[in-house]
Q: 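I am attaching a structure below and will ask some questions about it afterwards.
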Amino acid sequence: MNKDIATPTRTKEILQKHNFSFKKSLGQNFLIDTNILRRIVDEAGVTEDTGAIEIGPGIGALTEQLAKRANKVVAFEIDQRLLPILADTLAPYDNVTVVHKDVLEADIETVIKDEFPNAKSLKVVANLPYYVTTPIVMKLLSENIPIDSITVMLQKEVADRMAAKPGTKDYGSLSIAVQYYTEAKTVLIVPKTVFVPQPNVDSAVIRLTRREKPAVETSNEQFFFEVVKASFAQRRKTIFNNLSNHFKNVEKAIIEKVLLESEIDPKRRGETLSIQEFATLSNNIYAITR
Ligand code: SAM
């Protein structure tokens, strides 16, 4: 029986055997700690009923741990040079499919229909390429893909923003976008030393559990996100100033009136508003501007 892929010696052997050189531009920082990998799989709640979707398998460190626990694993990898390596390292596992695609371009729903026709529960589990963390997470959340949860390693700073509560410095439009669709919890802080090569930033694992329905009711989802974004355009400005700047054709007196009707002091800053307050506010502005 082979040693786990993610031990430092086995990883080194694999990289040397295939003469692999890391591409920084693809966010290639591979995990070399099997304990961390098992904890990620634990935190994701992967069981024999789980269909697991991985983004960026690298040389298969996490894929292997998923293959041991999940019913099936489908992994999207952009770097063609990794395909023969994965065919080699994952040869012992017959429940893994590697899809050679940029996940941002992929039609994930069709892949799910083809690869997981009877899955009871689908979960995304990944050590994400850091240069595209947010676009990947937002794609998974906004495209209505039938997944229960997303458990991913990312920059700690991004995890902090995703899980931030109102009134904190990290709270902003990303917190609201993520928490609109999911319950967000940071489950692990990970030191740089468990990667080769070591990244420049600290890392964390976040678990996003999809809500059955969005956290708040909105008259128009797109408009809700427009109001949220406008409210954070200049963080140091009041909600009244940010909204007046954004909705230039609406009289300032009307903006003030809508804020007061929504029970929001116009002098507050966007970062103090809860998601519910943003929903009430955007629904009230929507009603007068449409
Ligand atoms: N899962 C492996 C591990 O934990 O050791 C590798 C993780 S590494 C941080 C990110 C992986 O994502 C790399 O294998 C990289 O080639 C791949 N990748 C980068 N951009 C991608 C994209 N747009 N779509 C799919 N895979 C991508």
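Counting starts at 1 for both ligands and their atoms, in listed order.
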Q: Check the angle between the aromatic planes of Phe232 and Tyr171 and answer parallel, tilted or perpendicular using the 30° and 60° thresholds.
A: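 Perpendicular: the ring planes of Phe232 and Tyr171 meet at over 60°.
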Q: Not counting sequence neighbours, list each pair that qualifies as a ring pair (Phe, Tyr, Trp, His ring centres under 6.0 Å) and has a residue in residues 197-227.
A: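 Residue pairs with at least one partner in residues 197-227: Tyr180-Phe224, Tyr180-Phe225, Phe223-Phe247, Phe223-Tyr286.
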Q: Classify the side-chain pair Asn283/Ser219 by whether it contains a donor and acceptor separated by less than 3.5 Å.
A: yes
Q: Check whether Leu104 and Ile53 end up in the same hydrophobic cluster, where Ile, Leu, Val, Met, Phe, Trp and Tyr are linked by side-chain heavy atoms less than 4.5 Å apart.
A: yes
Q: Asp49 and Ser121: side-chain donor and acceptor closer than 3.5 Å?
A: no
Q: Within the protein, flag every N or O under 3.5 Å from an N or O of ligand 1, and note the pair and distance.
A:
residue  : atom   : partner : partner atom : Å
ligand 1 : 1 (N)  : Glu54   : OE2          : 3.2
ligand 1 : 1 (N)  : Gly56   : O            : 2.8
ligand 1 : 1 (N)  : Pro57   : O            : 3.4
ligand 1 : 4 (O)  : Asn127  : ND2          : 2.8
ligand 1 : 5 (O)  : Leu31   : N            : 2.9
ligand 1 : 14 (O) : Gly58   : N            : 3.2
ligand 1 : 14 (O) : Glu77   : OE1          : 2.8
ligand 1 : 16 (O) : Gln28   : NE2          : 2.9
ligand 1 : 16 (O) : Glu77   : OE2          : 2.6
ligand 1 : 20 (N) : Tyr131  : OH           : 2.9
ligand 1 : 23 (N) : Asp102  : OD1          : 2.9
ligand 1 : 24 (N) : Val103  : N            : 3.0
ligand 1 : 26 (N) : Ile78   : N            : 3.4

Q: Answer yes if the side chains of Glu54 and Thr63 hold a donor-acceptor pair under 3.5 Å, and no otherwise.
A: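 On atom types as modelled, these side chains qualify, holding a pair under 3.5 Å.
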